[in-house]
Asks: 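Structure below; questions to follow.
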Amino acid sequence: QPVDAFDLVIFGGTGDLAVRKLLPALFHRFVDGQIPAGSRIIGIAREALDDDGYRASLRTALIEAGGAKGQVEEFLRHVSYRPLDARKDEGWDAFAALIGEEPDHVRVFYLSTSPELFVDICNRLGSYGLNRGKSRVVLEKPIGRDLASANQINDAVGRVFDESQTFRIDHYLGKETVQNLLALRFGNALFEPLWNSGHIDHVQITVAETLGVGRRGAYYDRAGALRDMVQNHILQLLCMVAMEPPSSLSPDAVRDEKLKVLRSLKPIDESNAAQLTVRGQYRAGAAEGQSVPGYLEELDGGKSNTETFVALKAEIENWRWAGVPFYLRTGKRLPERVSEIVVVFKAVPHSIFGASAGPLAQNRLVLRLQPDEGVKLWLTIKHPGPGGLRLRHVPLDMSFAEAFGVQQPDAYERLLLDVVRGNPTLFMRRDEVEAAWRWADPILAAWSASGEAPRPYTAGTWGPSAAVALIERDGRTWNEDS
Ligand code: BG6
């Protein structure tokens, strides 16, 4: 659907996220004709740059994102830059006047800065009246670093922007496979009757990255994997797997159901964190065939108890899921970049095939978020040919690229236009963020009370061996053949 011309202002416009993700996403929408003439994209940061300097800093990233030179230049005509500091008056009058030039535009203020600046920026926007009319604010995760700071931010933002104008982004919700989970669960009669503790043995969610923290150390060291990935992305995935069928796809119907899941998470605290969680931190090793430094070497200070890996066993205490473990893991510098949700069904109650047929593998539904988005359903079949009834476990395999032959759009492409359209279905409501912190805070507290350092793992391995033990203790294994 086409949208009207809009203004999109990116605070943190020179940052990693803006340059690597947001601008390339907008560029791709532009190439598809979805950024109408008259739209303006304005980068904001403290650096003293002019429009040309800013455009020059984006050019390489856009060309790397697959842009043809001519298209990149055309797109960059929509892009400008303003140096502004949320904590200083200078430049704000002129900025307000610039935004005021197009009073009918939808105005999106994307806060891609550290959360400590959210309040100052919103207060400024409010004091210049830029919160009125068709204004929207996008808050990048993590929102705060615990429940208390999230509350403070949400209260302060809420004094300037109404909840209906506030878009808390979690880009995992914009990933194609995550939305496909909705289609798969609620558009087929096949799965939903089995989608419960009667038929599902356990669920695994893995978000593995090969990258280290690189230049993001200053942010990452204050966050760690639980705050950076689990509290938001992984819990959102868990919600999409576990929620009850919403009555419709209206924003609140979906978010009400997700909230119930978050509120049903079994608490993990000092009494059980040692059994249910594993923290790790990478040491020097190899990634993609190259030797790479350890986390501590990448940090200036050289000392840190921040986890770059976490594995944990979560449970949802409700009728549908009681007793079904959700094993979650994520880490930097793991052997491959892979994100997937694996739903493992219970074993058949009795095998009629005898010992020679071999053990019967459990059915598995694997939803691959990246790379190679797709869905695989692992089934047991007869090995073809004569020679008795030998069994094999093979996937019904639906690769999106093969089935639809198109490159899937990046999550930010969809979500940015959802903000312009004013559709918050795939964004987190305030109470969801808070419920997620309510679960995460006691885990963080338990870790810090224990005083233990995260377990070391070599870069390029699947994290500390304790993460394997976490699942194998229960007679299960991490999915390997997706
Ligand atoms: C971000 C995290 O939210 O997600 C990063 O802050 C992480 O640490 C990134 O690398 C992963 O996103 P994606 O889309 O590449 O899986």
Side-chain angles (χ1 to χ4, degrees), residues 12 15-25 28 61 64-65 110-116 118 138-145 150 167-180 205-238 240 279-282 287-288 292 295 298-299 304 306-310 328-341 367-373 400 407-416 426-428 433 436-437 440 459 463 482:
D16 188 66
L17 180 73
V19 177
R20 265 187 338 108
K21 296 278 190 178
L22 304 181
L23 270 308
H28 287 131
E64 268 169 22
Y110 195 119
L111 310 196
S112 163
T113 63
S114 119
E116 281 97 57
F118 288 180
V138 183
L139 307 180
E140 218 355 284
K141 55 123 291 246
I143 308 220
R145 46 181 293 104
F167 289 71
R168 296 179 192 80
I169 197 161
D170 185 310
H171 76 281
Y172 268 59
L173 291 178
K175 291 194 189 269
E176 199 64 32
T177 315
V178 178
Q179 293 162 67
N180 205 24
I205 303 180
T206 294
V207 178
E209 298 184 274
T210 50
L211 291 177
V213 296
R215 292 192 302 128
R216 296 171 71 227
Y219 151 75
Y220 194 88
D221 199 52
R222 281 178 44 71
L226 193 85
R227 288 189 180 96
D228 186 51
M229 298 296 287
V230 180
Q231 186 269 349
N232 30 75
H233 302 325
I234 293 191
L235 284 189
Q236 287 292 321
L237 298 182
L238 175 141
M240 298 298 259
R279 290 193 303 153
Q281 191 186 68
Y282 60 84
E288 288 161 350
V292 291
Y295 178 69
E298 284 177 338
L299 283 187
S304 168
T306 298
E307 79 286 355
T308 60
F309 174 96
V310 57
L328 316 178
R329 68 175 167 166
T330 183
K332 303 272 183 206
R333 287 283 187 233
L334 300 187
E336 6 167 0
R337 176 172 189 251
V338 52
S339 298
E340 63 183 19
I341 300 170
L367 299 134
R368 175 73 88 114
L369 276 68
Q370 59 197 24
D372 313 326
E373 294 101 325
F400 291 176
Q407 172 104 37
Q408 299 306 321
D410 184 76
Y412 281 102
E413 293 183 38
R414 183 202 166 111
L415 295 176
L416 283 166
L426 296 175
F427 294 79
M428 294 182 289
V433 175
W437 279 125
S482 48

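Order of appearance sets the numbers: ligands from 1, and atoms from 1 within every ligand. In what follows, every heavy atom counts, from backbone to side chain, and hydrogens, waters and symmetry copies are set aside.
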Asks: Can you tell me how far CG of L139 sits from CZ of F167, rounded to the nearest 0.5 angstrom?
Replies: 10.5 Å
Asks: Which residue, H233, K175, Q231, forms the side chain to side chain donor-acceptor pair (under 3.5 Å) with D170?
Replies: H233
Asks: Quick check on contacts: which atoms of ligand 1 are under 4.0 angstrom from a heavy atom of K175?
Replies: 13 (P), 14 (O), 16 (O)
Asks: What protein heavy atom sits nearest atom 12 (O) of ligand 1, and how far away is it?
Replies: H171 NE2, 3.1 Å
Asks: Any idea which atoms of ligand 1 are less than 4.0 Å away from a heavy-atom of D228?
Replies: 2 (C), 5 (C), 6 (O), 8 (O)
Asks: Tell me the nearest of K21, K141, R227 to atom 1 (C) of ligand 1, using heavy-atom distances.
Replies: K141
Asks: Any side-chain donor-acceptor pair under 3.5 Å between Y219 and D228?
Replies: yes
Asks: Can you tell which part of R20 has a heavy atom less than 4.0 Å from ligand 1: side chain, backbone, both or neither?
Replies: neither
Asks: Output the list of atoms in ligand 1 that are nearer than 4.0 Å to some heavy atom of K332, sorted by atom number.
Replies: 5 (C), 7 (C), 8 (O), 10 (O)
Asks: So, applying side-chain contact (heavy atoms from CB on, under 4.5 Å) with V207, which one of I234, L328, I341, V338 is it?
Replies: I234
Asks: What protein heavy atom lies closest to atom 10 (O) of ligand 1? Include the residue and the distance to one decimal.
Replies: E209 OE2, 2.5 Å
Asks: Below 3.5 Å, N or O to N or O, backbone or side chain included: is there any such pair between Y220 and ligand 1?
Replies: no
Asks: How far is atom 16 (O) of ligand 1 from its nearest protein heavy atom, and which residue and atom name does that atom have?
Replies: Y172 OH, 2.4 Å
Asks: Looking only at protein heavy atoms, identify the closest one to atom 15 (O) of ligand 1 and say how far it is in Å.
Replies: R337 NH2, 3.1 Å
Asks: Distance only, no hydrogens: is a donor on one side chain within 3.5 Å (strictly under) of an acceptor on the other, for Y282 and E298?
Replies: yes
Asks: Quick test of your reading of the model: are R337 and E209 salt-bridged, counting only N-O distances below 4.0 Å?
Replies: no
Asks: Considering the heavy atoms of Q370, write down every atom of ligand 1 situated less than 4.0 Å from one of them.
Replies: 13 (P), 16 (O)
Asks: Determine, for R333 against E288, whether the closest basic-nitrogen to carboxylate-oxygen distance falls under 4.0 angstrom.
Replies: no
Asks: T177 and E373: side-chain donor and acceptor closer than 3.5 Å?
Replies: no
